[in-house]
Amino acid sequence: MNVNNVMSNKKIIAIYVLPALLLILALIYVPILLTGYYGLMKWDGIGKMDFIGLANYTSLIKDPKFWGSAYHSFLLALFSAISLIGYLLVSIILAGKIRGADLFRKIYLIPMLLASVAIAQLWLKIYHPTNGILNNLLTSMGVENTPEWLADPKIALYAIFIPIIWQYAGFYILIYYAALKNIPESLIEAAKIDGASAWQIAVKIKLPLIMNVIKITIVLAVVGSLKYFDLIYVMTDGGPNGSSEVMASYMYHQAFRGFDFGYGSAIGFFLLIICLVVTWVITKLTASKEDVNY
Amino acid sequence: MSTLQTKSSALPVKKSSTPLSSVGNKAAYGFLYVVLIILAIFQIFPIVWLFLFSLKNNQEVFNMSPLSFPADPKWENYVRVWTEGNISQYFLNSVVYTVSAVVLTVLLASMVTFAITRMNWKLNKLVLGLFMVGLMIPVHSTLIPLFNTFSKLNLIDNPLSIILSYTAFNLPITIMILLGFYQTLPKEVEEAAVMDGASVHRIFFRISLPMSMPVMATAGIINMIYNWNEFVFVNTFISSEKYKTLTVGIQNFIGQYTTDWGAIGATLMISILPILLAFLVMSNRIVEGIAAGSVKG
């Protein structure tokens with residue numbers, strides 16, 4: 001019996017691969033194609049579909065509410081990407097032989113492990129206009145007109161950014177910390193002997209060595225923000241007056257509240273295209289010659 | 001690399017610093033420590049506050065200092081929300097869906113990873129690619145077609161739609177976590193097993209699967225967290241109270257209790273407690289799984 005013959009049995013390979021493969025084809029790949037197809041229909045979700053060509057997509061392009069929601073999503077992406085700089089700094093501190101570093105990064109991670117719905121409900125209480133801890137704190141500091149954080153269209157969106165960033169901070173710190181810990185100690189020691197300062201070591205040695213990981217986190221943060229939904233749905237439901245609507249919540253409202261499933265599908269398909277294009281663009285922009293292998 | 005090492009061992013003297021800069025170093029070190037501690041407080045504080053107000057009645061919430069521990073903790077808040085309403089039913093549903101999907105996902109993912117890394121076939125790279133691209137797909141882009149398909153199959157308001165969706169959408173990240181382990185398994189083990197006349201199934205179930213226990217535990221706990229916290233699928237596919245999970249259930253439940261802070265706090269604590277406990281017991285695995293599932297792509 002040859003091991004290569006035994007391990008090349010086509011029937012057995014099919015048995016091992018097909019159940020999982022069929023599941024992702026049926027529940028992920030076929031649906032994303034169907035989303036594009038449903039986008040060509042006038043359809044209330046229950047009755048018959050009527051083919052209307054590209055009408056949904058052309059009205060989407062002219063829909064100021066959609067572009068408003070897209071603007072909010074991109075704003076969140078920008079905030080998330082900028083906050084990566086802060087996480088990177090914290091990780092560099094943590095990885096620099098800090099006592100208790102392991103405990104710190106675990107504490108930072110806790111919010112990310114909790115359900116978004118629970119986090120959303122908790123932050124609703126934090127932002128509560130009269131009894132929330134935030135306004136209590138402001139009042140005790142002598143602030144008189146404390147803001148109605150989630151009811152004020154000017155600040156509602158930004159107020160939601162805070163818990164989103166709170167939620168994911170530990171995730172990125174964990175990734176950067178793990179990458180920094182992978183840098184061989186000897187490289188750092190050698191640089192120290194050559195008289196490099198801690199700042200020089202961080203910028204000239206550590207950052208270039210974890211560049212690949214940084215690129216991946218940029219993609220994760222930006223794409224994760226563009227498709228973000230949970231906290232916004234629970235905390236403001238896109239309101240007040242659309243001021244915190246994002247692409248995914250707009251799609252959800254059009255389909256499952258407005259019963260315009262054709263239009264909702266068009267938004268869903270557009271969201272998919274935007275995520276794929278943005279991933280591709282970031283990968284291209286940050287690609288350097290030696291590494292294109294992820 | 002070796003030259004660098006000899007260099008560093010040859011010149012140990014330069015490492016010692018003058019007293020002055022060591023004072024500066026200590027101050028800088030202290031400052032960095034303060035930054036880390038402030039961040040830790042920011043991350044943990046809302047959860048501590050939640051725990052405290054879950055043990056108070058409204059009067060205590062509104063009149064006492066937010067960080068005070070109530071003189072007479074109202075554990076009955078927990079009893080009340082657990083017995084009134086459907087929280088215990090939601091909790092049970094969450095457990096059942098989470099466990100079923102975790103078992104199914106980890107088993108199917110192990111089979112695929114085994115076939116991709118240990119067996120010889122031409123399309124293995126392509127199939128792996130299909131699973132990995134699945135990580136990039138926004139869930140919301142699949143929601144309407146899934147809803148429509150499940151409706152046609154009479155699977156709307158049926159737990160099966162939830163378990164299948166959890167499994168499909170968690171397969172990519174599970175495979176990613178398992179991949180590193182399966183790639184490093186020594187070929188000799190399989191060769192010896194084949195010599196002894198073992199079949200592929202025997203190799204998989206009796207050798208690979210048991211050997212992969214630690215990494216399966218890592219993948220399992222990550223799956224558990226994702227499933228336990230999932231919201232959109234249940235919110236969209238399930239309408240009966242008897243099938244709802246905690247995440248969707250507490251959303252409605254809290255709606256009825258808008259003014260009772262203690263009840264809301266107790267409900268939220270019940271929903272996050274299993275994850276917090278899992279984190280206390282298995283924090284290393286969780287850290288490892290999140291790192292493995294995010295960057296290796």
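First the proteins, then the strands, lettered A, B, ... as listed; each starts at 1.
Partners of Arg257(A) by salt bridge (charged side-chain N to carboxylate O under 4.0 Å, His left out), not counting sequence neighbours, listed by chain and number: Asp237(A).
Within the 4.5 angstrom heavy-atom criterion, atoms from both the backbone and the side chain of Ile98(A) approach chain B. Only the side chain of Ile173(A) comes within contact range of chain B, with heavy atoms under 4.5 Å apart. Using a 4.5 Å cut-off between heavy atoms, Asn131(A) touches chain B through backbone and side chain atoms alike. Neither the backbone nor the side chain of Thr267(B) has a heavy atom closer than 4.5 Å to any heavy atom of chain A. Using a 4.5 Å cut-off between heavy atoms, Phe256(A) contacts chain B through its side chain alone, with no backbone atom that close. Contacts between Ser8(A) and chain B at a heavy-atom distance below 4.5 Å involve backbone atoms as well as side-chain atoms. Residue contact with chain B, scored on non-hydrogen atoms closer than 4.5 Å, is absent for Tyr177(A). Looking at Leu109(A), only its side chain comes within 4.5 Å of chain B, counting heavy atoms on both sides. Contacts between Tyr108(A) and chain B at a heavy-atom distance below 4.5 Å involve backbone atoms as well as side-chain atoms. Of the atoms belonging to Ile275(B), it is side-chain heavy atoms, and not backbone ones, that fall under 4.5 Å from chain A. For Tyr252(A), the part lying under 4.5 angstrom from a heavy atom of chain B is the side chain only. Both the backbone and the side chain of Arg99(A) come within less than 4.5 Å of a heavy atom in chain B. Only the side chain of Phe147(B) comes within less than 4.5 Å of a heavy atom of chain A; its backbone N, CA, C and O stay farther away.
Here the NZ-CD1 distance, from Lys11(A) to Ile15(A), works out to 8.5 Å after rounding to the nearest 0.5 Å. Atom CD1 of Ile47(B) and atom CD1 of Ile119(A) lie 7.5 Å apart (nearest 0.5 Å).
Shown here is Tyr37(A), whose OH atom has no more than 12 heavy atoms of other residues, nucleotides or ligands within 6.0 Å.
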